[in-house]
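Both counts, for ligands and for their atoms, begin at 1 and track the order of listing.
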Amino acid sequence: MNRPLVEALHRSPLYRPPLWIMRQAGRYLPEYRELRGRHSFQEAVSTPELAAEITLQPIRRFGMDGAVIFADIMTPLEAMGVDMTFDPGPRLRPHTLEEVIALGELDLDRVGFVAETIHLVRDDLPEQTAVIGFAGGPVTVLAYLVEGGGSKDFLALRSAVRRDPAATAEALEILARTTNEYLAMQVGAGADVVQLFDTLAGLLDRSTFERLTIPAARASLADLEVPRIYFAPGAGHTLDLQAKIGADGYGVDWRVPIDEAWSRLGDVAVQGNLDPATLLTDPSTIRREVRDLLARTAGRPGHVVNLGHGIDRNTPLEHVTAFVEAVRS
Ligand code: 1CP
């Protein structure tokens with residue numbers, strides 16, 4: 001079966017570029033908020049029927065070309081013995097690098113619900129729609145571990161990198177190995193594409209990115225039999241280095257025009273990069289911005305349309321419709 005999202009990541013010529021939206025399964029959807037009123041985030045993630053339902057909600061409304069499995073970048077850590085809560089982001093005890101190095105193996109049985117969710121989603125999804133599996137990039141996951149949750153500047157990670165680069169590299173190696181096992185499990189269950197969300201990697205300077213982020217991201221994505229997307233928002237200063245990760249496609253945020261980002265990335269597929277704020281404007285502005293985006297990629301094979309980061313929770317549904325229709329028309 002030819003799935004346009006998979007084809008685009010192979011850089012096959014297509015009649016129109018495929019589209020999906022980061023965070024498409026989430027709080028801007030009334031049906032998501034309704035379900036979350038009855039179930040906690042962790043309950044929704046770990047119950048395959050609920051996670052599959054949430055994954056399918058945006059597809060029913062808007063028919064994106066990919067369905068991203070509902071889970072979190074921190075989900076596999078719970079299967080490595082790390083306790084956490086969500087409020088709304090992950091909250092956990094701050095870990096030292098030594099504690100991260102001592103974390104247990106990933107117990108795949110304890111994330112079996114993700115495989116089951118993928119099976120349920122595939123059964124209900126239109127044939128041409130791709131299942132998108134994902135994981136957090138090791139640097140990003142390490143940042144949440146050492147910080148104990150979200151943070152403005154993630155100074156715990158940035159100081160750890162400076163204080164002890166060798167222990168940081170060792171911790172990243174462990175996380176890269178478990179991330180790779182977790183992604184391989186999702187591919188085995190039927191994911192057509194995987195994305196590594198390295199949301200915080202852009203906090204690092206170029207040389208640290210090259211020394212620590214690239215090997216960890218590369219190892220996370222090694223030997224997977226499906227197209228792989230690497231996405232590090234706020235990492236425009238590293239675009240020319242990212243090809244060393246060896247992914248098939250690269251997500252770019254809205255800060256760098258997509259044509260310029262593409263020439264810095266090289267011969268790869270590129271995903272993005274409408275500013276999520278565009279979807280807070282009005283349908284005519286959205287159409288104008290989509291025209292500009294598509295003019296910049298000019299039908300070049302290998303473009304996957306997406307936002308430059310996750311959709312904002314206050315986005316009106318009609319604006320999502322305007323976005324999807326503008327790309328399709
Ligand atoms: O209902 C709620 O309040 C929960 C909000 C929520 C959602 C919808 C969280 C907590 N996680 C998710 C799902 C999620 N998270 C998905 C699957 C759904 C989809 O994309 O449609 C994905 C891919 C993620 C990935 C994720 N979680 C990232 C990377 C992506 C990005 O946007 O950069 C990050 C940084 C997280 C951490 C996290 N989990 C949740 C929140 C609110 C946050 C970020 C805020 C924080 O740091 O506190």
Quick one: nearest non-hydrogen protein atom to [atom], plus distance?
atom                    : result
atom 18 (C) of ligand 1 : Ala25 O, 3.6 Å
atom 28 (C) of ligand 1 : Arg23 NH2, 3.5 Å
atom 22 (C) of ligand 1 : Phe134 CZ, 3.6 Å
atom 6 (C) of ligand 1  : Phe41 CE1, 3.7 Å
atom 27 (N) of ligand 1 : Asp72 OD1, 2.9 Å
atom 35 (C) of ligand 1 : Tyr144 OH, 3.3 Å
atom 10 (C) of ligand 1 : Pro88 O, 3.2 Å
atom 38 (C) of ligand 1 : Pro90 CD, 3.5 Å

Residues Phe134, Phe231; criterion ring-ring contact (aromatic ring centres under 6.0 Å, His included); working and verdict: CA-CA 11 Å; Phe134 75 91; Phe231 173 59; over 10 Å; no
List the atom pairs, donor and acceptor, that lie under 3.5 Å between side-chain atoms in residues 139-146 and the rest of the protein, sequence neighbours left out.
| from | atom 1 | to | atom 2 | distance (Å) |
| --- | --- | --- | --- | --- |
| Thr140 | OG1 | Asp198 | OD1 | 2.6 |
| Thr140 | OG1 | Thr199 | N | 3.1 |
| Thr140 | OG1 | Leu200 | N | 3.0 |

Donor-acceptor pair, [X] side chain versus [Y] backbone, under 3.5 Å?
X      : Y      : value
Arg228 : Leu221 : yes
His237 : Leu204 : yes
Thr178 : Leu175 : yes

Among Phe154, Tyr28, Phe197, Phe231, closest by any non-hydrogen atom to atom 30 (C) of ligand 1: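 The residue whose heavy atom sits nearest atom 30 (C) of ligand 1 is Phe197.
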Any atoms of ligand 1 less than 4.0 Å from a non-hydrogen atom of [X]? List them with their elements.
X      : value
Val68  : 19 (C), 20 (O), 21 (O)
Thr199 : 29 (C), 30 (C), 31 (C), 33 (O), 35 (C)
Gly150 : 47 (O)
Tyr32  : 1 (O), 2 (C), 4 (C), 8 (C)

If you measure only the distance, is there a donor-acceptor pair under 3.5 Å linking the side chains of Glu43 and Thr47?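 No, because no side-chain N or O of Glu43 sits under 3.5 Å from a partner of the opposite role on Thr47.
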Using distance alone, with no hydrogens and no angle criterion, decide if Glu99 and His95 have a side-chain donor and acceptor under 3.5 Å apart.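 The criterion, which ignores hydrogens and geometry beyond distance, is not satisfied for His95 and Glu99.
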Region of [X] that comes within reach of ligand 1 [heavy atoms, distance under 4.0 Å]:
X      : value
Ala71  : backbone
Arg36  : side chain
His309 : side chain

Consider every N or O of Gln24 and every N or O of ligand 1, then say whether any pair is closer than 3.5 Å.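 It does: an N or O of Gln24 is found under 3.5 Å from an N or O of ligand 1.
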Can a salt bridge be assigned to the pair Arg60 and Glu31 using a cut-off of 4.0 Å between side-chain N and carboxylate O?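 Salt bridge between Arg60 and Glu31, a charged N being under 4.0 Å from a carboxylate O: no.
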One thing to verify: whether Asp205 and Arg158 come together as a salt bridge, which I'm taking to mean a side-chain N less than 4.0 angstrom from a carboxylate O.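 Salt bridge flag = no for Asp205 with Arg158.
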Return a table of donor-acceptor pairs under 3.5 angstrom between the side chains of residues 81-92 and protein atoms on other chains or two or more places apart.
| from | atom 1 | to | atom 2 | distance (Å) |
| --- | --- | --- | --- | --- |
| Arg91 | NH2 | Asp87 | O | 2.9 |

Phe62 vs Tyr28 aromatic rings, parallel, tilted or perpendicular, using cut-offs 30° and 60°?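 Rings of Phe62 and Tyr28: parallel, under 30°.
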